[in-house]
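Each chain gets a letter, A, B and so on, in the order its sequence line appears, and its residues count up from 1.
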Amino acid sequence: MIDPRLLRDDPDATAAALARRGVDRAALKELRDLEERRRQTIAELDRARAEQSDASKAIGRASAEERPALIEAAQQLKGRVADAERAREAAATAHEAAFARVPNLPHPDAPDGQEGDGEVLRTFGRRPAFDGEPRDHVELLEAGGALDLERAAKVSGSRFAYLKAEGALLEFALVRYAIDVAGRHGHVPVIPPVLVREEAMYGTGFLPTDEQQLFRTRDDDFYLIGTSEVPLAGMHLDEVLNPAELPLRYAGYSPCFRREAGAHGKDTRGILRVHQFEKVELFSFVHPDASDAEHERILAIEEEIFAGLEIHARIVDIPVGDLGASAARKYDIEAWLPGQQAYREVTSCSNTTDYQARRLRTRIRVDGGDNLLVHTLNGTALAVQRAMIALVEQHQRADGSVVVPPALVPYLGHEVLFG
RNA sequence: GGAGGGUUGGCCGAGCGGACGAAGGCAGCGGUCUUGAAAACCGCCGGGCGCUUCGCGCGUCCCGUGGGUUCGAAUCCCACACCCUCCGCCA
């Protein structure tokens with residue numbers, strides 16, 4: 001959620017910032033009216049309650065003879081408080097619903113434009129050259145006995161996979177490698193709950209906007225997480241942190257579940273886009289002054305992980321029109337996939353500034369002043385399936401075997417896969 | 001799944017219809033004393049929202065959460081969540 005006070009105090013700057021994301025001024029005028037209405041109803045309710053409270057306290061002090069008359073008089077006040085309460089409630093509900101749908105203010109440095117208009121900041125790694133036609137990950141992994149899509153379709157349907165044999169071991173190696181790199185940079189490994197309550201989804205901004213992307217349980221009120229960002233962000237829900245504790249840095253490892261509604265026909269081959277995948281996710285809670293630096297820091301960890309795997313990729317500064325609701329700025333790493341002859345997203349890191357923290361109520365204590373909302377950031381350390389695709393496609397050899405990058409050899413125990 | 005017990009401020013813990021946002025203790029912070037420290041003593045010591053001459057201030061809400069009863073609820077009633085104990089089941 002954006003800061004309603006900012007909209008009130010500096011409507012022009014707020015409108016200009018949100019206009020970059022396609023929010024029009026009429027919608028903002030409506031928000032300001034809702035904010036004004038909310039404050040009026042609160043003031044009215046406070047007045048009514050103060051009056052009633054005085055009357056009740058007077059009864060407590062009164063003698064037995066005086067009481068009946070005073071009680072009768074005080075009874076009149078009940079209705080006024082009840083009316084004011086209903087008005088306040090209605091105004092708060094309308095305010096809440098409208099503000100929950102407003103996206104975060106974009107970072108001034110985030111580029112303009114829509115999906116595809118991202119600015120390539122840099123590339124790293126060497127783009128592999130092949131003598132013949134390179135195989136794609138499905139061919140490589142299936143031939144190597146590492147992937148079984150057909151049987152997964154039988155058991156669970158499309159967009160599911162069995163990773164087995166060297167495929168399963170490759171997952172463990174990649175995960176442990178990524179967690180070790182993250183750990184060297186101070187991110188504490190976490191295995192979080194993958195079923196969460198609505199409140200956690202709402203607090204992280206996935207509800208109400210991304211409801212159609214989420215799986216939910218039938219008999220219990222749980223959502224399956226689409227990323228461990230959700231339970232990691234929720235860890236400090238409703239907490240006031242000591243500023244000395246910051247930054248708090250985590251690396252969550254979990255399966256991720258996505259319905260991929262609306263993606264019919266898109267990326268149907270292989271394990272690029274599946275309903276269930278595993279991911280190591282970086283998450284930081286930082287002082288508001290430190291979030292820009294933290295964003296660069298997380299991006300650098302991601303780059304270190306992929307460069308360490310000797311994967312050629314490029315870093316893209318995502319345009320404002322393609323940002324998720326909670327992000328102010330986002331960097332993706334797109335790895336080169338020889339099987340597609342295209343760069344595809346393998347990581348994404350976002351600075352969500354105070355947008356999530358406001359709903360999560362995660363603050364830091366400020367002596368002699370108002371407590372501050374923290375800033376939160378998240379980024380992919382390693383999305384197993386997509387990293388696996390890039391790795392096997394880029395490091396494949398003519399015979400269908402795959403050279404394991406040296407950094408991963410200690411984790412895997414082999415120098416070659418499918419050899 | 002069955003049967004009980006519980007949830008109060010950073011922690012412990014009193015309160016069981018009327019000056020209660022809440023006694024008392026511990027921890028923390030500031031001060032007196034001291035060469036310094038300890039002890040002792042004094043003071044401060046939750047959060048949200050709104051108002052504000054932004055100055056300390058004022059109002060209101062919060063005693064797990066949400067409803068209800070009442071002139072008035074931490075205290076009474078209902079529902080839910082979570083924690084603990086015992087039985088059953090279980091990786």
Hey, is R20(A) close enough to D112(A) for a salt bridge, meaning N to O under 4.0 Å?
yes
G47(B) P sits how many Å from L372(A) CG, rounded?
13 Å
How many Å lie between CD on E199(A) and C1' on A81(B), as a whole number?
11 Å
Check the orientation of F160(A) and H275(A). Use parallel for under 30°, tilted for 30 to 60°, and perpendicular for over 60°.
tilted
If I pick the P atom on C16(B) and the same atom on A27(B), what distance separates them, to the nearest angstrom?
28 Å
Under a 3.5 Å cut-off for both contacts, is A22(B) paired Watson-Crick or G-U wobble with anything, and if yes, with which nucleotide?
none
Can you tell me, in whole Å, how much space there is between the C1' of G48(B) and that of G30(B)?
27 Å
Ignoring backbone atoms, test whether R365(A) places a side-chain nitrogen or oxygen under 4.0 Å from the OP1 or OP2 oxygen of G47(B).
yes
Taking a pair as Watson-Crick or G-U wobble with both distances under 3.5 Å, which nucleotide is matched to G17(B)?
none
Whether R386(A) engages the ring of F277(A) as a cation-pi pair (distance to the six-membered ring centre under 6.0 angstrom, angle to the ring normal within 45°) should be assessed.
no
Rounding to an integer number of Å, can you tell me how far E239(A) CD sits from G46(B) P?
19 Å
Determine the interatomic distance between C1' on C86(B) and the same-named atom on A91(B); round to the nearest Å.
22 Å
Among side-chain atoms of S326(A) and N104(A), is any donor-acceptor pair under 3.5 angstrom?
no
Does a salt bridge link D180(A) with R184(A), judged by any charged N lying under 4.0 Å from a carboxylate O?
no
Value in whole Å for how far the P atom of G28(B) lies from CD of E245(A)
17 Å
Once you round it to whole Å, what is the distance between P of G47(B) and CD1 of I364(A)?
13 Å
Using purine N1 to pyrimidine N3 plus N6-O4 or O6-N4 for Watson-Crick, or N1-O2 and O6-N3 for G-U wobble, each under 3.5 Å, what pairs with G72(B)?
none
Partner nucleotide, any strand, of C89(B) [Watson-Crick/G-U, under 3.5 Å]:
none
Give one of base, sugar-phosphate or nothing for R5(A), where a contact means two heavy atoms less than 4.0 Å apart.
sugar-phosphate
Using whole Å, what does the distance between atom C1' of nucleotide G1(B) and atom CG of D220(A) come to?
14 Å
Is R329(A) salt-bridged to D317(A), cutoff N-O under 4.0 Å?
yes
What interatomic distance, in whole Å, is found between P of U69(B) and the corresponding atom of C82(B)?
28 Å
Please give the distance between the P atoms of G72(B) and G24(B) as a whole number of Å.
30 Å
A43(A) vs D238(A), nearer the 5' end of RNA chain B by closest nucleotide
D238(A)
Starting at CD1 of I179(A), measure out to NE2 of H187(A) and round the result to the nearest 0.5 Å.
12.5 Å
Pairing partner of U7(B) (Watson-Crick or G-U wobble, both distances under 3.5 Å):
A81(B)
Counting only side-chain N and O atoms of R39(A), is one of them less than 4.0 Å from OP1 or OP2 of C51(B)?
yes
Taking a pair to mean Watson-Crick or G-U wobble geometry with both distances below 3.5 Å, C45(B) pairs with none
Rounding to an integer number of Å, can you tell me how far R37(A) CZ sits from G50(B) C1'?
15 Å
C1' spacing across the pair A23(B) / A19(B), given as an integer number of angstrom:
15 Å
For the residue pair R49(A) / S53(A), report whether a side-chain donor-acceptor contact shorter than 3.5 Å exists.
no
G15(B) and G64(B), which share atom name P, separated by this distance in whole Å:
15 Å
Considering only the C1' atoms, how many Å lie between C45(B) and C26(B), rounded to the nearest integer?
13 Å
Could you let me know what U32(B) is paired to, Watson-Crick or G-U wobble, both distances under 3.5 Å, or none if it's on its own?
A40(B)
Please encode protein proximity along nucleotides 55-80 of chain B as a string of B, S and -, counting only heavy-atom distances under 4.0 Å.
----BSS--------SBS--------
What I want to check is whether the side chains of H185(A) and E304(A) have a donor and an acceptor closer together than 3.5 Å.
yes
Within this structure, what is the CG-to-C1' distance between L34(A) and G50(B), rounded to whole angstrom?
17 Å
Which base, if any, makes a Watson-Crick or G-U wobble pair with G57(B), both distances under 3.5 Å?
C51(B)
Have a look at R361(A) and say if it touches a base, only the backbone sugar-phosphate, or nothing, with a 4.0 Å heavy-atom cut-off.
nothing
